[in-house]
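Protein chains get the first letters and strands the later ones, always in sequence-line order, with residue 1 at the start of each.
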2 protein chains.
Amino acid sequence: MDPSTRALERSGHRVTDARRTIASLVDARVGHFTAADLIADARARRQSIGRATIFRSLDLFTDLRVVERVDLPTGEHAYVPCEPMRQHHHHIVCSGCGRTTDVADCGITAVTEEASRRTGYRIDNHRLELFGLCPPCQARVPSDPRL
Amino acid sequence: MDPSTRALERSGHRVTDARRTIASLVDARVGHFTAADLIADARARRQSIGRATIFRSLDLFTDLRVVERVDLPTGEHAYVPCEPMRQHHHHIVCSGCGRTTDVADCGITAVTEEASRRTGYRIDNHRLELFGLCPPCQARVPSDPRL
DNA sequence: GTTTTTGCAAACCATTTGCAGGGTC
DNA sequence: GACCCTGCAAATGGTTTGCAAAAAC
């Protein structure tokens, strides 16, 4: 059974056709995607799922940590598939192909502690998103910043 | 002359009533605010400014680095007033009062380098946002996580 | 059988655009 | 006077909601 379905069951949510379909659309995706992308995917597959259901399921999957929401530099709201196991991590988003890679804590704790020391804030939460080019995209276009 | 106006002049943009008004609305704000907030503020002051002008001016002020856009954990798009001088910095947003404080590089460069080493990505850009409680808000509510 | 979920359509909200008139340099 | 900027209203795009029917447990 796939992780999304298992997450649904464990959390007491119902396993429905729509949710199964959406989970498989998410699995088929490479890199980040938007709700609109999934809506288009569903239509392309001729699997009719209401727009509202897509949004509702993405919310649910976000709660279950099957996906995570990221805000792209453009302000667009996107989602990335996400290992539910991993506790705390960040995403590197490739601006070439959109693929994302998770990275665990790389010393960010030291940064938040330093910031806290400097400002007196009690820091409860942070968001770190990294943007760049993944190795294949670097190889493909060594010098061209677009794609 | 206030910094926003100076920024307009230096950049060759016209200094208009609408822009002056919006600059003063921004100055009057404490903490982060949305475009909708400014629209409401303008209406409250009975200074009629078209919605479109607010959006256009906020875009312009963002380019001029008079304000900066942040994405709140809720996904809301907000703006924070911002020292145009400071080159690279991040924001700490208080979840109590919304106030924000700038912090310069606190070792984040080491983090991005480490992430790059681990993943092979060429990291071009990053976004770090910190959320927590500012000192006054900690004092006001030592134990209550809300406000 | 009860409760949750879906699909639809409409509502909603934030943001953008086209364009004619008005203001700034 | 030329060009930039504004306001308006309409278009747009993304997201949410109410509700009755359908599905899951």
**Q** Is there a donor in the side chain of A/Thr101 and an acceptor in the side chain of B/Tyr121, or the other way round, less than 3.5 Å apart?
**A** yes

**Q** What does the list of N/O pairs under 3.5 Å between the protein and nucleotides 7-12 of chain D look like, with a distance for each?
**A**
residue, atom, partner, partner atom, Å
D/dG7, OP1, B/Ser48, O, 3.4
D/dG7, OP2, B/Gly50, N, 3.2
D/dG7, OP2, B/Thr53, OG1, 2.6
D/dG7, N7, B/Arg56, NH2, 2.8
D/dG7, O6, B/Arg56, NH1, 3.4
D/dG7, O6, B/Arg56, NH2, 3.3

**Q** Is B/His77 close enough to C/dT15 that one of its side-chain N or O atoms is under 4.0 Å from OP1 or OP2 there?
**A** yes

**Q** side-chain contact (heavy atoms from CB on, under 4.5 Å) between A/Leu128 and B/Ile108: does it pass, once the steps are laid out?
**A** CA-CA 10 Å; A/Leu128 174 66; B/Ile108 186 71; 4.0 Å; yes

**Q** Rounded off to whole Å, could you give me the CD1-to-C1' distance for the B/Ile22 and D/dT6 pair?
**A** 10 Å

**Q** Closer to the 5' end of DNA chain C via nearest nucleotide, is it B/Ala35 or B/His13?
**A** B/Ala35

**Q** Could you check how far CG of A/Asp37 sits from C1' of D/dG13, rounded to whole Å?
**A** 14 Å

**Q** Could you go through nucleotides 22-24 of chain D and list every protein N or O atom that sits under 3.5 Å from one of its N or O atoms, giving the distance for each pair?
**A**
residue, atom, partner, partner atom, Å
D/dA24, N3, A/Arg14, NH1, 2.9

**Q** Round to the nearest Å and state the distance from B/Leu8 atom CG to D/dC5 atom C1'.
**A** 12 Å

**Q** Rounding to an integer number of Å, can you tell me how far A/Phe61 CZ sits from C/dT5 P?
**A** 12 Å

**Q** In whole Å, what is the span from the CG atom of B/Asp63 to the P atom of D/dC5?
**A** 12 Å

**Q** Calculate the interatomic distance between B/Leu58 atom CG and D/dT6 atom P; express it in whole Å.
**A** 12 Å

**Q** Quick one: does B/Ser57's side chain have a donor or acceptor within less than 3.5 Å of a partner on B/Ile54's backbone?
**A** no

**Q** Do B/Val111 and A/Val111 make a side-chain contact, defined as non-hydrogen atoms from C-beta onward lying under 4.5 Å apart?
**A** yes

**Q** Rounded off to whole Å, could you give me the CZ-to-P distance for the A/Arg19 and D/dC25 pair?
**A** 10 Å

**Q** Please check if any side-chain donor atom of B/His90 sits under 3.5 Å from a side-chain acceptor atom of B/Asp102, or the reverse.
**A** no

**Q** Write down the distance between CD (A/Glu76) and P (C/dT15), rounded to a whole number of angstrom.
**A** 14 Å

**Q** Salt bridge between B/Arg20 and B/Asp17, side-chain N to carboxylate O under 4.0 Å?
**A** yes

**Q** Give me the atom names and distance for the closest heavy-atom approach of B/Arg127 to A/Pro73.
**A** NH2-CA, 3.4 Å

**Q** What do you reckon, is CZ of B/Arg29 surrounded by more than 12 foreign heavy atoms closer than 6.0 Å?
**A** yes

**Q** How about CZ on A/Arg99, more than 12 heavy atoms from neighbouring residues, nucleotides or ligands closer than 6.0 Å, or not?
**A** no

